[in-house]
Structures are given as C-alpha cells and as structure tokens.
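The structure appears right after this line, and notes come after that.
Computed from a predicted model, the values in this text were never measured in an experiment. The basis for the numbers below is simple: all heavy atoms, side chains too, and nothing from hydrogens, waters or symmetry mates. Letters A, B, ... are given to chains in the order of the sequence lines, protein chains preceding strands, and every chain is numbered from 1.
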Number of protein chains: 2
Amino acid sequence: MTQDQSHQSPEEEFRLFRTVCKEQRIKVTPQRLEIFRTVIAAYDHPSAEDVYNRVKDRLPAISLDTVYRTLATFESGGIISRVSFCEDKTRFDPNRKPHHHLFCTVCKNLTDFYWANFDNADLPPEIPEWGYPETKHVQIRGICSHCSRERNKA
Amino acid sequence: MTQDQSHQSPEEEFRLFRTVCKEQRIKVTPQRLEIFRTVIAAYDHPSAEDVYNRVKDRLPAISLDTVYRTLATFESGGIISRVSFCEDKTRFDPNRKPHHHLFCTVCKNLTDFYWANFDNADLPPEIPEWGYPETKHVQIRGICSHCSRERNKA
DNA sequence: CCAATATTGAGAATAATTACTACATAGGAT
DNA sequence: ATCCTATGTAGTAATTATTCTCAATATTGG
C-alpha cells in the first residue's frame with residue numbers, strides 16, 4: 001500500500017551506493033550505480049527486463065546480462081530481494097522492511113503490505129521440528145479493486 | 001509435515017477420477033488417468049518433469065507436453081495447485097486442505113504445514129481497500145534439520 | 001600511474017514451458 | 001452398438017527467461 005522508497009538527492013544516493021559497494025567488496029561501476037538508482041527508486045517490483053529498459057536511457061550500451069548479474073549481486077548482498085511467485089518472470093523488491101505481498105492475478109501488479117501481528121505471532125509447534133526458518137512471508141492472491149471494477153463493466 | 005494423501009484402491013481411484021472428469025467436462029483418457037493417479041499419490045510436490053518420468057513407466061509413449069497440459073487442466077479444475085516460488089521449476093501440489101509451505105533452501109524439499117490460527121486470523125485493514133483476496137499462503141524458507149546436521153558435519 | 005583483478009558486452013547456450021499440426025479417440029446422438 | 005464430431009494426443013518446433021563463455025575493458029589498492 002504505502003510505498004515510501006527513500007527518494008534522496010543524487011549525491012546522497014551516490015554516497016549510499018559507495019558505502020554499499022564497500023560493504024560488499026564490489027567495485028563501483030557506472031552500470032551498478034544506475035541499476036542501484038533504478039531499483040531503489042522502483043515502486044513496482046520490476047523484472048530484470050524492466051530494469052534493463054529503464055537503465056538503457058542513461059546507459060544505452062548496457063547489456064541485459066549485466067542487469068541480471070548485478071541484481072543477483074545486490075540480492076546476495078541483501079540490498080534487494082527476489083519475488084518469484086508471480087506467474088512469469090522473477091521480480092525484484094527494494095523494500096528492506098518486513099513486509100508481505102498482494103498479487104493481482106489480472107493486472108499482475110504486486111503491492112506490499114505490512115502486518116505486525118503476523119510478524120510477531122508464534123509459529124506453529126511443528127516448525128522447530130522441521131528445521132531453522134530464515135524468512136516468512138505471506139502471499140495473498142486475488143483481484144485488485146481496479147481490475148474488479150473493469151471486469152464488472154464488461 | 002504430515003502428508004496424508006488418500007491412498008485408495010485402484011477402483012476407488014478410478015471412480016474418483018471419472019467423477020472429477022465429469023465435473024470438469026473433460027474426457028477420460030488413459031493419459032489423464034495415469035497423471036491423476038501419479039499426482040494424487042505424490043508426497044513430494046513433483047515438477048511436471050517428475051510427473052512425466054513417473055508416468056512414463058506405465059505409458060511409455062506419453063509426451064511431456066501432455067503432462068504440462070493435463071496438469072494445467074487439473075489446476076484450473078481445482079484438483080491440484082501450482083507452487084512457483086521454488087527456485088527453478090514449477091511444482092504441483094495435490095493437497096486440497098488449506099496449508100502452507102516450508103522450503104529448504106539447501107535440499108529444495110517442500111513440506112506442507114497447517115496453521116489454523118493464521119487461517120482464521122483477520123487480515124490487516126488495508127486489504128479490503130486493495131481488493132478481493134482469493135487465496136492466502138505463508139511461505140517459510142530456511143534450512144531443514146537434516147541439511148543443518150549435514151552442514152555442521154562439514 | 002600501474003598491475004592485478006573484477007566486470008562488462010555480445011552472442012551463443014540452456015532450460016522450462018508453450019504452440020502447432022496432423023492424426024487418433026472418447027462419448028453423445030442415432 | 002455404431003457413427004460422427006469435438007476434443008485430445010504425440011512429435012516437433014518455437015518461445016521466453018535466464019545463464020555461460022570469453023575477449024576486451026574498467027576499477028582500485030598500492
């Protein structure tokens with residue numbers, strides 16, 4: 001619902017990016033910077049190809065593979081996460097706060113939501129038996145209000 | 001955890017299958033019967049290719065495409081569901097009870113679990129604003145006890 | 001500034017899934 | 001029970017997302 005990605009000045013953004021690169025021990029390259037900017041500012045859970053198309057405006061020579069590789073790097077550094085339950089492509093998510101997902105099966109839009117009660121709830125007793133959970137996510141699929149209205153028109 | 005797929009006699013299985021086909025208005029074919037049997041009895045969330053390999057023992061001429069199409073048919077008829085958040089292939093799930101998933105990121109095994117408290121909990125108030133939910137699932141990723149033990153040996 | 005090393009772009013490769021087509025078959029009408 | 005037609009099937013080819021290879025290039029610690 002609320003999607004308050006941090007929109008900061010280019011200088012701040014660049015400083016943040018340098019810090020991140022230092023932490024992850026990866027080199028600062030123009031490609032990575034643009035991908036970082038793009039994905040951090042994205043509100044719509046873009047796919048790798050979406051990111052590629054947006055970045056191409058500023059770096060026309062960039063390759064799709066670089067985007068894939070960079071997103072994977074950012075993912076393993078914990079800067080973004082990967083959402084793969086949508087029907088087709090993998091999509092990327094810069095939201096670092098604990099959150100959950102609403103997926104509209106008609107327009108394929110993905111929306112974040114927060115649910116503190118769930119986050120704090122005790123897991124069922126069989127989980128510790130199973131092993132060691134690292135992440136827990138709720139995924140709600142349905143039809144968003146917009147698509148539902150469109151559908152009722154027809 | 002507990003995976004009590006109904007293991008019934010072949011005759012019962014066949015009767016059930018005929019009923020299902022009648023309901024869905026699809027033809028009874030040997031291919032569909034074998035796929036039905038296989039997937040209903042599966043305890044491990046098989047991929048389309050897994051199902052294909054199992055069915056081939058009984059129907060050596062079957063094509064992978066038929067398996068894909070049949071699984072899609074069964075899915076739209078609500079007989080099985082599709083789990084696509086695993087890293088690679090889509091996997092299929094014959095469990096019709098409300099349930100959730102544990103995914104081991106090491107061995108890629110997928111385990112069902114039940115959580116009535118979650119199923120009955122009220123959703124956060126922003127959901128009705130968003131639209132009309134149809135399904136809600138919890139997905140827990142982590143390391144299962146078995147893999148954790150293996151890892152500690154090394 | 002330079003050398004060591006990581007990263008990139010281009011195109012090819014891989015893997016999962018779907019489309020197409022000609023033939024076969026199930027099952028309702030007769 | 002048999003015929004007819006819609007539907008399903010196998011085989012092959014296409015598509016789509018993603019990853020690999022490798023030579024050329026860029027980055028950064030010293």
Side-chain angles (χ1 to χ4, degrees), chain A residues 14 17-36 38-39 45-53 55-77 79-92 108, chain B residues 14 17-36 38-39 45-53 55-77 79-92 108:
Chain A
F14 187 64
F17 175 65
R18 292 200 78 98
T19 311
V20 160
C21 287
K22 189 144 283 179
E23 272 171 17
Q24 292 191 238
R25 278 168 249 274
I26 60 173
K27 290 187 180 170
V28 173
T29 70
Q31 291 87 341
R32 283 179 177 154
L33 174 57
E34 284 310 324
I35 293 168
F36 182 80
T38 302
V39 81
H45 306 83
S47 67
E49 198 168 9
D50 293 335
V51 173
Y52 172 64
N53 287 326
V55 166
K56 255 200 311 196
D57 290 345
R58 286 164 168 252
L59 295 176
I62 199 168
S63 82
L64 178 56
D65 193 25
T66 297
V67 175
Y68 271 106
R69 276 180 300 200
T70 303
L71 290 172
T73 305
F74 288 173
E75 190 204 3
S76 59
I79 300 169
I80 58 175
S81 60
R82 185 182 288 262
V83 184
S84 50
F85 63 76
C86 307
E87 274 120 12
D88 40 353
K89 314 186 191 189
T90 296
R91 293 164 70 168
F92 295 86
K108 318 294 180 201
Chain B
F14 188 64
F17 176 65
R18 291 200 77 100
T19 311
V20 160
C21 286
K22 190 144 281 180
E23 273 171 20
Q24 292 192 237
R25 276 167 250 276
I26 58 172
K27 291 185 181 174
V28 173
T29 70
Q31 290 86 344
R32 282 179 179 155
L33 173 59
E34 283 310 325
I35 293 168
F36 181 79
T38 303
V39 81
H45 305 84
S47 67
E49 199 167 10
D50 293 335
V51 173
Y52 173 65
N53 287 325
V55 166
K56 255 199 310 197
D57 290 344
R58 288 166 166 252
L59 296 175
I62 199 168
S63 80
L64 178 56
D65 191 25
T66 298
V67 175
Y68 272 106
R69 273 183 284 124
T70 304
L71 290 172
T73 305
F74 288 172
E75 190 204 4
S76 59
I79 300 170
I80 58 175
S81 60
R82 183 182 290 260
V83 183
S84 50
F85 63 78
C86 308
E87 273 121 12
D88 41 352
K89 316 186 191 188
T90 297
R91 293 162 70 167
F92 295 87
K108 319 292 181 202

TODO: Please figure out whether B:Thr90 or B:Arg69 has its closest DNA chain C nucleotide nearer the 5' end.
DONE: B:Thr90
Open item on the list: Let's go through B:Ile35 and B:Val67 carefully: what are the C-alpha distance in whole Å and the side-chain angles of both, what is the deciding distance for side-chain contact (heavy atoms from CB on, under 4.5 Å) to 0.1 Å, and is it a yes or a no?
Closed with: CA-CA 7 Å; B:Ile35 293 168; B:Val67 175; 4.1 Å; yes
- [ ] Can you tell me the distance, in whole Å, between the CD atom of B:Gln24 and the C1' atom of D:dG8?
- [x] 15 Å
Task: Aromatic ring pairing B:Phe74/B:Phe36, orientation class (parallel under 30°, perpendicular over 60°, tilted between) - done: perpendicular
- [ ] Output the single nucleotide from D:dC22, D:dA10, D:dT18 whose closest atom is nearest the side chain of B:Thr66.
- [x] D:dA10
- [ ] List the steps and the verdict of side-chain contact (heavy atoms from CB on, under 4.5 Å) for B:His45 and B:Phe92.
- [x] CA-CA 5 Å; B:His45 305 84; B:Phe92 295 87; over 6 Å; no
- [ ] To the nearest 0.5 Å, tell me how far A:Thr90 OG1 sits from B:Glu87 CD.
- [x] 10.0 Å
Open item on the list: If you assign B:Arg18 and B:Arg91 each to the DNA chain C nucleotide with the nearest heavy atom, which residue ends up on the more 5' nucleotide?
Closed with: B:Arg91
Open item on the list: Distance check, rounded to the nearest 0.5 Å: A:Glu23 atom CD versus A:Ile79 atom CD1?
Closed with: 8.0 Å
Task: First of B:Pro60 and A:Leu64 reached from the 5' end of DNA chain D, by closest nucleotide - done: B:Pro60
Open item on the list: Distance check, rounded to the nearest 0.5 Å: B:Asn53 atom CG versus B:Ser47 atom OG?
Closed with: 8.0 Å
Task: Separation of atom NZ in B:Lys89 from atom C1' in D:dT19, rounded to whole Å - done: 16 Å
TODO: Have a look at A:Ala48 and say if it touches a base, only the backbone sugar-phosphate, or nothing, with a 4.0 Å heavy-atom cut-off.
DONE: nothing
Open item on the list: Reading DNA chain C in the 5' to 3' direction, which nucleotide is the first one with an atom under 4.0 Å from a heavy atom of chain B, and which is the last?
Closed with: C:dA16 to C:dG27
TODO: May I have the distance from A:Glu87 (atom CD) to D:dT15 (atom P), rounded to whole angstrom?
DONE: 22 Å
Open item on the list: Output the rounded distance in Å from CD1 (B:Ile35) to P (D:dG8).
Closed with: 13 Å
- [ ] Would you mind reading off the distance between A:Asp65 atom CG and D:dA23 atom P, rounded to a whole angstrom?
- [x] 16 Å
Open item on the list: How many whole angstroms separate atom OH of A:Tyr52 from atom P of D:dA17?
Closed with: 14 Å
Task: Nearest-0.5 Å distance, CG of residue A:Leu71 to OG of residue A:Ser81 - done: 11.5 Å
Task: Residue that, paired with A:Val39, satisfies side chain to side chain contact (heavy atoms under 4.5 Å, CB included) out of A:Asp50, A:Thr70, A:Ile80 - done: A:Ile80
- [ ] Kindly write out the residues that satisfy salt bridge (charged side-chain N to carboxylate O under 4.0 Å, His left out) with A:Glu49, not counting sequence neighbours, or none if the list is empty.
- [x] A:Lys89
Open item on the list: At a heavy-atom distance below 4.0 Å, what parts of residues 25-33 of chain B sit against DNA chain D?
Closed with: B:Lys27, B:Thr29, B:Gln31, B:Arg32
- [ ] Could you check how far OH of B:Tyr68 sits from P of D:dT9, rounded to whole Å?
- [x] 17 Å
